[in-house]
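Presented below is the structure to which this report refers.
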Amino acid sequence: MVKKVYRLLLIISFLGASLVSASDKDITNIFEKHQVEGTLVITSLDTNISHIHNSDRAKKQFIPASTFKIPNTLIALEEGVIKDEDEIIKWDGKNREYLAWNQDQTLATAFSHSCIWCYQHFAKAIGKERYRYYLHRLNYGNQKIDDALTSFWLEGSFAISAQEQIGFLRKVYLETLPFKREYFKILKKIMLVEQIATYRLYAKTGWSGKVGWYVGYLESKGQVWLFASNIQVNNTVDLKFRKQLVLEAFKVKKII
């Protein structure tokens with residue numbers, strides 16, 4: 001009996017590995033149509049259904065860029081660096097490349113505008129040792145923090161894979177990470193980027209060097225879908241594909 005159970009577990013394990021390594025043809029066709037190199041993982045919250053394009057790349061770690069604002073927001077709230085989504089973050093008066101950054105911010109606008117200077121302000125208050133503490137507790141990516149406290153998520157050896165992003169996002173949605181429930185509520189509120197009658201999309205973009213990210217989750221037809229995509233960015237025109245490819249994949253899989 002024990003041997004039979006063991007064989008069954010081996011078969012399930014083998015099938016699971018096969019499913020993970022397979023590439024979804026529908027989604028692959030979307031990437032090929034737009035001539036974009038990258039990966040996309042879409043998984044139901046209960047893990048019963050997964051759609052993956054480029055499973056090898058899905059396991060490869062890349063700098064998280066502004067997708068790190070998801071855990072960074074929770075960390076900043078937990079550390080008391082900012083109290084809620086409406087507290088004013090005073091602009092320092094320095095003109096930066098994006099007009100939306102050159103004014104006072106709130107946590108909500110800093111998140112949606114990917115305001116680097118705001119989160120650099122948080123980082124200075126949090127410090128390396130607290131970041132190391134949280135990254136270890138969250139088991140986030142490779143947990144490597146280089147010397148640059150205010151830019152380690154934008155450049156350096158800090159990295160996370162699309163598959164690891166999925167695992168982290170599941171914990172965010174289920175609120176099983178070591179943060180207060182009120183902070184999850186704030187994070188989810190500012191992550192909401194699109195809401196129509198048929199679905200709600202919670203997401204964050206990221207971009208550093210040649211890598212562009214789009215990660216988050218979708219609530220549609222009574223189900224929750226986690227997603228993580230990263231693509232090769234050869235020029236700024238490619239940035240539009242971060243979100244576009246994900247939405248096209250949701251449509252072709254009849255999720256939305």
Side-chain angles (χ1 to χ4, degrees), residues 12-68 70 141 159-173 191-256:
I12 292 171
S13 177
F14 174 78
L15 289 174
S18 299
L19 286 170
V20 168
S21 64
S23 191
D24 186 284
K25 290 182 180 179
D26 292 332
I27 300 177
T28 295
N29 288 340
I30 294 170
F31 275 76
E32 290 179 350
K33 178 181 70 175
H34 294 294
Q35 298 182 318
V36 174
E37 179 185 347
T39 186
L40 171 58
V41 181
I42 298 174
T43 304
S44 60
L45 184 66
D46 59 13
T47 72
N48 284 337
I49 304 172
S50 289
H51 307 294
I52 302 174
H53 165 66
N54 197 341
S55 58
D56 289 337
R57 184 178 173 113
K59 301 169 192 170
K60 186 176 179 181
Q61 294 181 321
F62 296 95
I63 197 86
S66 282
T67 67
F68 184 63
I70 297 175
I160 189 169
S161 71
Q163 288 282 21
E164 289 170 328
Q165 292 265 27
I166 292 290
F168 175 73
L169 289 163
R170 179 174 285 107
K171 295 174 185 175
V172 168
Y173 184 83
M191 279 183 70
L192 181 62
V193 296
E194 194 171 328
Q195 181 174 1
I196 62 174
T198 54
Y199 69 80
R200 285 191 297 246
L201 176 65
Y202 300 78
K204 187 72 197 77
T205 55
W207 174 34
S208 179
K210 295 288 187 179
V211 179
W213 285 97
Y214 200 56
V215 308
Y217 63 91
L218 179 93
E219 297 175 343
S220 175
K221 302 174 184 177
Q223 283 191 289
V224 177
W225 297 88
L226 310 166
F227 65 89
S229 176
N230 62 63
I231 64 170
Q232 181 79 7
V233 177
N234 296 314
N235 55 66
T236 54
V237 175
D238 295 332
L239 292 174
K240 66 182 180 183
F241 291 119
R242 293 174 298 176
K243 180 178 180 180
Q244 182 178 330
L245 293 172
V246 173
L247 290 181
E248 287 189 25
F250 279 135
K251 288 174 183 175
V252 78
K253 302 314 292 185
K254 295 180 171 49
I255 294 171
I256 60 174

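Counting only heavy atoms from C-beta outward, the side chains of Arg200 and Glu194 never approach each other to under 4.5 Å. Residues Asn54 and Leu40 fail the side-chain proximity criterion, which asks for heavy atoms closer than 4.5 Å. Taking the side chain as every heavy atom from C-beta outward, Trp207 and Leu239 approach each other to under 4.5 Å. For the pair Trp213 and Thr205, the minimum side-chain heavy-atom distance is 4.5 Å or more. A 4.5 Å side-chain heavy-atom check between Val36 and Gln232 finds every atom pair outside the cut-off. Contact annotation: the side chain of Leu201 never approaches that of Leu192 to less than 4.5 Å [non-hydrogen atoms, C-beta and beyond].
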Could you go through Met191 and Ile70, starting from their C-alpha distance and side-chain angles, then the distance that decides it, and tell me whether this counts as side chain to side chain contact (heavy atoms under 4.5 Å, CB included)? CA-CA 8 Å; Met191 279 183 70; Ile70 297 175; 3.9 Å; yes
Checking Ile52 against Asp24 for the side chain to side chain contact (heavy atoms under 4.5 Å, CB included) test, could you report, in this order, the C-alpha distance in whole Å, the side-chain angles of both residues, the deciding distance, and whether it holds? CA-CA 5 Å; Ile52 302 174; Asp24 186 284; 5.8 Å; no
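The two residues Ala162 and Ala228 come nearest to each other via the heavy atoms O-CB, 3.5 Å. Minimum heavy-atom separation, Val193 to Ala203: CG1-O, 3.9 Å. Here the shortest heavy-atom pairing between Val246 and Ser229 reads CG2-CB, 3.9 Å. The nearest pair of heavy atoms linking Ile256 to Ser220 is CG2-OG, 3.9 Å. Minimum heavy-atom separation, Ile30 to Val252: CD1-CG1, 3.7 Å.
Interatomic distance, Ile255 CD1 to Leu247 CG, rounded to the nearest 0.5 Å: 11.0 Å. Atom CZ of Phe227 and atom CD1 of Ile166 lie 8.5 Å apart (nearest 0.5 Å). Note: Phe168 CZ to Thr67 OG1 = 9.0 Å, rounded to the nearest 0.5 Å. Here CG of Asn230 is found 11.5 Å from CD of Gln61. Values are rounded to the nearest 0.5 Å.
If you look at Tyr202 and Tyr173, their ring centroids are not closer than 6.0 Å.
In this structure Arg57 satisfies the salt bridge (Lys or Arg N to Asp or Glu O under 4.0 Å) test together with Glu37, sequence neighbours excluded. Among residues two or more places apart in sequence or in another chain, the ring-ring contact (aromatic ring centres under 6.0 Å, His included) test is passed with Phe31 by His53.
Side-chain atoms of Asp238 come within 3.5 Å of backbone atoms of Asn235 as a donor-acceptor pair (strictly under, hydrogens ignored). With hydrogens and angles ignored, the 3.5 Å screen pairs no side-chain donor or acceptor of Lys253 with any backbone N or O of Glu248. For the pair Thr43 (side chain) and Leu226 (backbone), a donor-acceptor distance under 3.5 Å is absent. With Arg242 contributing its side chain and Ile231 its backbone, the two residues share no donor-acceptor pair below 3.5 Å. When atom types are taken as modelled, the side chain of Glu164 and the backbone of Ser161 share a donor-acceptor pair closer than 3.5 angstrom.
Side chains of Gln223 and Ser44: no donor on one and acceptor on the other come within 3.5 Å.
Tested against Tyr214 for a side-chain contact (heavy atoms from CB on, under 4.5 Å), the candidates Gln244, Lys243, Lys204 yield a single pass: Lys243.
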